[in-house]
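Heads up: numbering here begins at 1 and tracks the sequence. Everything quoted here is computed from the prediction, not taken from an experiment. Counting starts at 1 for both ligands and their atoms, in listed order. Hydrogens, waters and symmetry mates are skipped; everything else that's a heavy atom, side chains included, is used.
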Amino acid sequence: MNAVRCEGVVQIYKAQDVEVVALRDVDLVVDEGETVALLGPSGAGKTTLLWLLAGLLRPSAGRVRVAGADLAALDQRGLDRLRATQLGVLLQNPSRNLLPYLDAGQNVAFAQRGARRDRRRARELLDRVGLAARTVAGRMSGGEQQRLAMAVALANRPRLLLADEPTSQLDAANAQAVIELIRQAAREEGTTAVVVTHDVAVSEALGRTVTIRDGRVGAEGLRGEEFVVVGREGTVQIPPEYHHLLPPGSRARIEPLEDGVAVRRAEP
Ligand SMILES: Nc1ncnc2c1ncn2[C@@H]1O[C@H](COP(=O)(O)OP(=O)(O)O)[C@@H](O)[C@H]1O
Ligand SMILES: [Mg+2]
């Protein structure tokens, strides 16, 4: 079964009288147990995609299936239940994942409310991210909050972990601890992970990369090789490192080959 299946997902934000198309026709399948790094420049739509997968946002069009459920078929209670039992979510702003007046141990315990309370697991997670159980979340630094947010996201042994830039405020050693937690969850619990990141250490530790550019899946990396992804209408994004050969806006000729096509710049 697929842990994630997006079909033709479109997300349009409406602010006053301007519309922002954040995602256009995104197709994405992630298998159970896969670990995926979601890459792409700022504003590409990564956070939007993560919010859609977490059921925190309903898509303007298209279908989103997560952990066996069609999110459009769930009401608010169904979504809450799915999040409490199947998903571990770490949002981009670390403090938004935490209850600030509770201590670290209480935050992890709260995350376990949808399932069996597991004190050993809670202790182990806090230990692995190097935090004391009695420190109050609201008094922690940004980096400490980010480490606690990862412990909270994994507290329930989720089927699917969704994390948005989980190491953005961490030094290399703390980032490594977080990476190890993600890999351990995948190995030992079969947790599928979709992790938005700019951190090479994170993307290299995960099994596959998916690059979003301008609201579309532009490229995928698998076992060290990078592929462009042909989109719904046959769209292909020329990777930025080749923009000097074929600049955006230039005219090109498509030449058929036996096993694909060549895209050649037409002389002006
Ligand atoms: N709540 C919102 N209202 C209007 N526009 C938004 C909102 N959230 C994001 N956007 C816009 O949608 C696009 C994608 O944003 P986002 O998903 O945050 O990208 P990323 O996480 O890749 O940086 C950007 O152009 C951003 O300005
Ligand atoms: Mg973002």
Side-chain angles (χ1 to χ4, degrees), residues 4-28 30 35-64 66 71-72 76 79 83 87-98 142-143 145-150 152-153 160-170 175 178-179 182 193-206 208-221 226 228-229 231-232 235 237-241 243 248:
V4 168
R5 177 176 281 275
C6 294
E7 286 170 20
V9 169
V10 176
Q11 178 62 37
I12 301 170
Y13 292 108
K14 295 193 178 82
Q16 282 115 30
D17 36 299
V18 281
E19 289 192 347
V20 178
V21 185
L23 294 175
R24 43 193 110 212
D25 272 336
V26 169
D27 295 320
L28 177 67
V30 180
T35 57
V36 176
L38 211 53
L39 314 178
S42 174
K46 306 180 297 295
T47 293
T48 300
L49 182 54
L50 210 84
W51 276 59
L52 290 169
L53 297 180
L56 296 167
L57 203 61
R58 302 250 186 207
S60 309
R63 288 163 63 89
V64 180
V66 165
L71 296 190
Q76 194 54 50
L79 280 176
R83 271 201 296 275
L87 306 188
V89 179
L90 188 158
L91 302 177
Q92 194 166 357
N93 178 351
S95 66
R96 290 196 64 176
N97 302 288
L98 305 173
Q145 290 185 340
Q146 199 159 43
R147 278 140 62 198
L148 177 56
M150 182 52 82
V152 163
L160 176 62
L161 170 71
L162 300 167
D164 202 344
E165 308 201 20
T167 62
S168 60
Q169 302 189 29
L170 305 184
V178 161
I179 290 167
I182 298 171
V194 177
V195 183
V196 175
T197 191
H198 294 285
D199 186 340
V200 178
V202 175
S203 59
E204 283 183 346
L206 304 185
R208 175 178 156 206
T209 64
V210 171
T211 302
I212 312 268
R213 275 191 213 105
D214 198 21
R216 298 179 203 272
V217 175
E220 293 207 27
E226 191 76 2
V228 296
V229 175
R232 290 219 154 190
T235 51
Q237 293 181 347
I238 308 294
E241 62 268 33
H243 281 185

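Under the side-chain contact (heavy atoms from CB on, under 4.5 Å) test applied with T211, the options L39, V229, V228, V217 reduce to a single match, L39. Put simply, the residue from V196, L50, V66, L91 that forms a side-chain contact (heavy atoms from CB on, under 4.5 Å) with L162 is L50.
Here T47 contributes OG1 and Q92 contributes OE1, and at the Mg ion (ligand 2) these two atoms make an angle of 70°, given to 10°.
For the residue pair L38 and K46, the shortest heavy atom distance occurs at O-CD, 3.9 Å.
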For a side chain to side chain contact (heavy atoms under 4.5 Å, CB included) check, start with the C-alpha distance between E220 and V210, then their side-chain angles and the critical distance, and finish with the verdict. CA-CA 4 Å; E220 293 207 27; V210 171; 4.0 Å; yes

Does C6 form a side chain to side chain contact (heavy atoms under 4.5 Å, CB included) with L49? I'd like the steps, not just the answer. CA-CA 10 Å; C6 294; L49 182 54; 4.2 Å; yes

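For S60 (side chain) and I12 (main-chain N/O), a donor-acceptor pair under 3.5 Å exists by modelled atom type.
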Distances only, to 0.1 Å: what are the N or O pairs between ligand 1 and the protein that fall under 3.5 Å?
unit_1: ligand 1; atom_1: 17 (O); unit_2: T48; atom_2: N; d: 2.9
unit_1: ligand 1; atom_1: 17 (O); unit_2: T48; atom_2: OG1; d: 2.5
unit_1: ligand 1; atom_1: 19 (O); unit_2: G45; atom_2: N; d: 3.1
unit_1: ligand 1; atom_1: 21 (O); unit_2: T47; atom_2: N; d: 2.9
unit_1: ligand 1; atom_1: 21 (O); unit_2: T47; atom_2: OG1; d: 2.8
unit_1: ligand 1; atom_1: 22 (O); unit_2: A44; atom_2: N; d: 3.2
unit_1: ligand 1; atom_1: 22 (O); unit_2: G45; atom_2: N; d: 3.0
unit_1: ligand 1; atom_1: 22 (O); unit_2: K46; atom_2: N; d: 2.9
unit_1: ligand 1; atom_1: 22 (O); unit_2: K46; atom_2: NZ; d: 2.8
unit_1: ligand 1; atom_1: 23 (O); unit_2: G43; atom_2: N; d: 2.7

